[in-house]
Amino acid sequence: MWQKSSYSGASNECVEVRIASGAVELRESDEGRVVLRTTPAALTALLQGIKAMEFDQHA
């Protein structure tokens with residue numbers, strides 16, 4: 001089952017996430033055919049890097 005952030009409210013402009021066969025899957029709510037599949041560890045590392053602003057120099 002796909003889940004979206006409660007911050008999205010009634011909007012369909014959000015990222016949805018689910019666990020499938022031990023992997024994490026992400027998709028844009030308005031473009032459901034495109035799914036990004038990754039491991040929980042890789043997603044955790046990405047989110048930690050974002051929070052630590054490791055990618056800001058690439059903007």
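The basis for the numbers below is simple: all heavy atoms, side chains too, and nothing from hydrogens, waters or symmetry mates.
- Rounding to the nearest 0.5 Å gives a distance of 8.5 Å between CD of E54 and CD of Q48.
- Here the closest heavy-atom approach between residue R18 and residue M1 is recorded as CB-O, 3.4 Å.
- A pairwise comparison of heavy atoms in R37 and A20 identifies NH2-O, 3.4 Å as the closest pair.
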Listed pairs under 3.5 Å, donor-acceptor, residues 28-36 side chains, sequence neighbours left out:
residue : atom : partner : partner atom : Å
S29     : OG   : N12     : O            : 2.0
S29     : OG   : C14     : N            : 3.1
S29     : OG   : C14     : O            : 3.2
E31     : OE2  : R33     : NH2          : 3.0

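- A45 meets the side-chain contact (heavy atoms from CB on, under 4.5 Å) test with no other residue; sequence neighbours excluded.
- Nearest approach of Q57 to M53, heavy atoms of both residues: OE1-O, 4.2 Å.
- Across E25 and W2, no two heavy atoms sit closer than the pair O-CZ3, 3.4 Å.
- Hydrophobic clustering (ILVMFWY, side-chain heavy atoms < 4.5 Å, transitive): I19 and L43 are in one cluster.
- Heavy-atom minimum distance, P40 versus G22: CD-O, 3.6 Å.
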